[in-house]
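Notes to accompany the following structure.
When reading the values below, keep in mind they use all heavy atoms of this one structure, side chains included, and skip hydrogens, waters and symmetry mates. Just so it is clear, the structure is predicted and the values come from calculations on it, not from any experiment. Letters A, B, ... mirror the listed sequences (proteins, then strands); counts begin at 1.
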There are 2 protein chains.
Amino acid sequence: MPYTKICINLNPFSFDFNLLKPHIALLSEWGFYFMAKKRVSIKDIAKALGVSITTVSFIINGKAREQRISDEVTQKVKKYIKEVGYKPSHIAQSLRLGKSKIIVFMAEDISNQFFASIARFIEERAYKSGYKIIYCSTDNNFEKAKELISTFKRRNVDGFIITPTPNIEESIHDLIEEEFPVVLFDRWLPEVNCSYVIVENKESAYEATQHLIEEGCKNLAFVTVESDQTQMMDRSSGFTEAVKESDVNAFEFRLKFHNLSEVGPYEELLDFFKSKKEIDGVFFATNYLAFEGLQALDTLQRSIPHDVKVVSFDDHYFFNLYKPKITAIEQPLELLSEKLMETMLSHLDELNLGYSPVRLVLPNKLNKRESTEN
Amino acid sequence: MPYTKICINLNPFSFDFNLLKPHIALLSEWGFYFMAKKRVSIKDIAKALGVSITTVSFIINGKAREQRISDEVTQKVKKYIKEVGYKPSHIAQSLRLGKSKIIVFMAEDISNQFFASIARFIEERAYKSGYKIIYCSTDNNFEKAKELISTFKRRNVDGFIITPTPNIEESIHDLIEEEFPVVLFDRWLPEVNCSYVIVENKESAYEATQHLIEEGCKNLAFVTVESDQTQMMDRSSGFTEAVKESDVNAFEFRLKFHNLSEVGPYEELLDFFKSKKEIDGVFFATNYLAFEGLQALDTLQRSIPHDVKVVSFDDHYFFNLYKPKITAIEQPLELLSEKLMETMLSHLDELNLGYSPVRLVLPNKLNKRESTEN
DNA sequence: TTGAAAGCGCTACCAC
DNA sequence: GTGGTAGCGCTTTCAA
């Protein structure tokens, strides 16, 4: 380990922050609040104001009118609440109501740009609706996912947004059976009757392959990972279909699944391209593979797009920066996230009406760039 | 909006998942569990087994020995718990114990690679210690951060890991006053006595600038954003110091802060480089600026490293992929995350011992690549 | 060795 | 109009 901590526990700090807020010193309640270790509860409020807990609770929850509580009391309570900065405890509310206003977002790997971006949109949307997001990474590992689902159940999370791992069918099925709202994304599970939001993998793969063919490629390679998950299968069959319809040679190169944090499959790709010198068009099934593949092609001094044309699934900021700019299929991240949350929220609303799955398939966009030009 | 949903609510699904698990059908308790809408509670267990709630609780919490509960009862209870798959409710535990085992990770933008990577490491480390992570993005916006802090307090989160926004001093100070463990990262607040884990911004900026000078640059530019946050100030002063010590010209170009999701500052950089044709060495204060700047330099056909040498803060996967490979300062992400959690966990442990801030400053690594070669 | 019961903070039913 | 109170699921003290 090349790094070491170099500095701990510096001298105690002597700046008195209170100097900065003299206006607060004027408010005795605030002063008290800052000193108190204990947070003020609804009971404290009731006692301080000489009203009942019930009354306070109704006012807090906007039911003052409905319960015909006098304006006088309502105002008094509201004013006091503001003064002491009281906020109801979500924990207690959760326990009481059986809901936590928390949605869990289980991504394959939250540090991956694709998932991180979706996480960001989801989060935004969730906050607007009063929900919080808890996230985690499954590493596409079934055991880990199962474990995570179990602990989240204990937290009364209200819903699950999941990129399903292999073999997770039973866990998902159980969740639905137990009436948890579940929405899958990125891929889905043919064997489970569950909502999902995915993209047109097959159609876009078909379109991208066609594009390569139209640009004159005669020897195509489809580079993918060893996986029987729907999104990969669909991309593969889109490629295959386009190839079948025309008069070109095709190779499918499947790398065994690499954990994203491990060293990339650069070497394998290098060998592959070295052994197939005739290849003049490559379709990468994910941007991750493309990045590694581009390096390999660069090492082999295959010029893009002259010697070989390149297209990749999952557009990325960097494809636009690369020289040449790389043609890629862009997933509608924002729309996808929005639909995910929309679906989740509708399930949350209709909890007692039973579970009627929503299945959405969104179209992508092929961004044609220099890497497939003639 | 170019995208529309194309397919909703497909036909109901008819696959009977139970066919897949005949082994479960044999266990009547499981069957019951799956049917039940209500989760089994400690009370149910006590009733079913004819023992008291207390006894069950002690056994669950590994205090059977301590409380001298008979082996017979202990085994019986444990067996039953396993059978019904009982897991204590975290919500109820939180309410009772005043702790939630949740740490909140407030990043500037969780979809940014830097924060997403740290999030990933943090998460891993947290799970190992029985903590969950809740995350959010502040957008470097004080109002949003304040709002978030307030809602997280209501959730009894146990600790806060925060990239401080401008003007957040008072909120952080209040958190500490209220005895919440807080650890800052990426930058710190000189006015608040708070733990933090940051990197050697000034030292590394100095080193990078020196490197440019050593490679023969005579007209340096430091490209940064308008910000008075510590990490940016430090990077700037590292640059300035190195420049002062030698006989070179220097320009500092400050862009006004762009929200990361907005359109980049490409245009501004283009104008800058156009107006300063003499520049032969550029130091970008963040990788985000570098990406935009590289495009601008490319547009202007300034050849790297021949016409202009380039170095950037925050190493990135793509710097290694770019042609030429870009020299960059690498932050020790994994170590940083580890130290963050270590600090947080130690605060969590020593909650009642008062708050003694830990300040860590970690060294970076300058990865010299083609963009600064001669 | 085991159990009764208080209480964490809140909601909402029911009574006055 | 307002208040009393049960109970969400759990931990832990005290009593037996």
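For the pair A:Ile81 CD1 and C:dG9 C1', the computed distance is 14 Å after rounding to whole Å. Here D:dT11 presents its P atom at 15 Å from NZ of B:Lys43, a figure rounded to the nearest Å. In this entry the distance linking NZ of A:Lys76 with C1' of D:dG1 reads 13 Å, nearest Å. Straight-line distance from the CD1 atom of B:Ile42 to the P atom of C:dC8: 19 Å, rounded to whole Å. The CG-P distance, from B:Leu97 to D:dG9, rounds to 16 Å in whole Å. As a whole-Å value, the separation of A:Gln93 CD from D:dG9 P is 17 Å. Rounded to an integer number of Å, the gap from A:Arg154 CZ to D:dC10 C1' is 12 Å. If you take NZ of A:Lys101 and P of C:dC10, they are 17 Å apart, rounded to a whole angstrom.
With distances taken from any side-chain atom of A:Leu95 to the nucleotides C:dG3, D:dC8, C:dT11, the minimum falls on D:dC8. The side chain of A:Ser41 lies closest to C:dC10, out of C:dG3, D:dC10, C:dC10. If you check D:dT2, C:dG9, D:dG9 against the side chain of A:Ala92, the one that comes closest is C:dG9. Checking C:dG3, D:dT12, D:dC10 against the side-chain heavy atoms of B:Thr55 singles out C:dG3 as nearest.
At the phosphate of C:dT11, OP1 or OP2 sits under 4.0 Å from a side-chain N or O atom of A:Ser57.
The stretch residues 59-74 of chain B touches DNA chain D through B:Asn61, B:Lys63, each having a heavy atom under 4.0 angstrom from the strand.
In this structure the side chain of A:Lys43 reaches within 4.5 angstrom of the side chain of A:Ile53, judged on heavy atoms. By the 4.5 Å heavy-atom criterion applied to side chains, B:Phe105 and B:Ile118 are counted as neighbours.
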Atom pairs under 3.5 Å: protein N/O with N/O of nucleotides 4-6 of chain C:
| unit_1 | atom_1 | unit_2 | atom_2 | d |
| --- | --- | --- | --- | --- |
| C:dA4 | N7 | B:Thr54 | OG1 | 3.1 |
| C:dA4 | N6 | B:Thr54 | OG1 | 2.7 |
| C:dA5 | N6 | B:Thr54 | OG1 | 3.4 |

Solution key, residues 55-63 of chain A side-chain donor-acceptor pairs under 3.5 Å, sequence neighbours excluded:
| unit_1 | atom_1 | unit_2 | atom_2 | d |
| --- | --- | --- | --- | --- |
| A:Thr55 | OG1 | A:Ser52 | OG | 3.1 |
| A:Ser57 | OG | A:Asn61 | ND2 | 3.4 |
| A:Asn61 | ND2 | A:Ser57 | O | 2.9 |

Side-chain donor/acceptor pairs under 3.5 Å, residues 64-79 of chain A, sequence neighbours excluded:
| unit_1 | atom_1 | unit_2 | atom_2 | d |
| --- | --- | --- | --- | --- |
| A:Ser70 | OG | A:Val73 | N | 3.3 |
| A:Thr74 | OG1 | A:Ser70 | O | 2.8 |
| A:Lys79 | NZ | A:Glu83 | OE2 | 3.4 |

Which is it for B:Leu175 and B:Lys153 under the side chain to side chain contact (heavy atoms under 4.5 Å, CB included) test, yes or no, and what are the steps along the way? CA-CA 9 Å; B:Leu175 275 177; B:Lys153 277 190 198 171; 3.6 Å; yes

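The aromatic rings of A:Phe180 and A:Phe160 lie perpendicular to each other, with more than 60° between the two planes, well past the 30° mark.
A search for ring pair (Phe, Tyr, Trp, His ring centres under 6.0 Å) contacts involving B:Phe152 returns nothing, not counting sequence neighbours. The side-chain hydrogen bond (donor to acceptor under 3.5 Å, both in side chains) search around A:Ser137 returns B:Arg120, B:Glu123, not counting sequence neighbours.
Salt bridge absent: B:Lys99 and B:Asp158 never bring a charged side-chain N and a carboxylate O closer than 4.0 Å.
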